[in-house]
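Below: the structure, in structure tokens.
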Amino acid sequence: MNRTFFVSFLFAALLSATTVFAAPLDKVQFIKVSAQDSKAVVRGADGKMQVIKPGDIVVENITVKEIIPGRIILEEKTSKGVETLIVRVDGAKTRIERLRRQPDSGPTLVAPASGTPVSK
């Protein structure tokens, strides 16, 4: 009986840990970036600080792809496809840029007419 209780308690604790980061990205505060260790410190919507590294999930559908000096590269899976988010951390300032991958919609190609007109 004790083992069943322990396993169910552990399972409930894991579920609550994953739902902590289901808050919007606007409520996440990026504190520090360590490019040498490829890690960063963030404060979630609940106020708890966490160390993140590439592959970690920051918020629902947003994954850390790369951590470089002064920047955290995130990838968000949306209904329109994958979007890249660049978080620039400069001291107390944080700026988030969103890059959308859109297919090229170039001009319609038309073949030039050559030769003389043909009469019937």
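In what follows, residues are counted from 1 in the order of the sequence shown.
Under a hydrophobic-cluster definition in which Ile, Leu, Val, Met, Phe, Trp and Tyr are linked whenever side-chain heavy atoms come within less than 4.5 Å, directly or via other members, Val58 and Ile96 are assigned to the same cluster.
The heavy-atom pair separating Ser38 from Pro54 by the smallest distance is O-CD, 3.2 Å. Contact between Phe30 and Thr94 at its shortest, heavy atoms only, is O-OG1, 3.7 Å. The nearest pair of heavy atoms linking Ile67 to Ile52 is CD1-O, 3.8 Å. Across all non-hydrogen atoms, the minimal contact from Pro69 to Ala35 is N-CB, 3.3 Å.
At most 12 non-hydrogen atoms from other residues, nucleotides or ligands lie less than 6.0 angstrom from CG of Asp90.
If you take NZ on Lys53 and CG on Asp37, they are separated by 12.5 Å, rounding to the nearest 0.5 Å. Note that CD1 of Ile62 and CG of Leu85 are 5.5 Å apart. Values are rounded to the nearest 0.5 Å. Of the inter-residue distances, the one linking Ile73 atom CD1 with Ile86 atom CD1 reads 4.5 Å to the nearest 0.5 angstrom.
The residue from Glu75, Glu76, Glu83 that alone fulfils the salt bridge (charged side-chain N to carboxylate O under 4.0 Å, His left out) condition with Lys65 is Glu75.
For Arg95, the side-chain contact (heavy atoms from CB on, under 4.5 Å) partners are Arg88, Glu97, not counting sequence neighbours.
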>> Walk me through whether Thr78 and Asn61 qualify under side-chain contact (heavy atoms from CB on, under 4.5 Å).
In response: CA-CA 8 Å; Thr78 64; Asn61 296 330; over 6 Å; no
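Other residues sharing a hydrophobic cluster with Ile31 under the 4.5 Å side-chain heavy-atom criterion for ILVMFWY residues are Val41, Met49, Val51.
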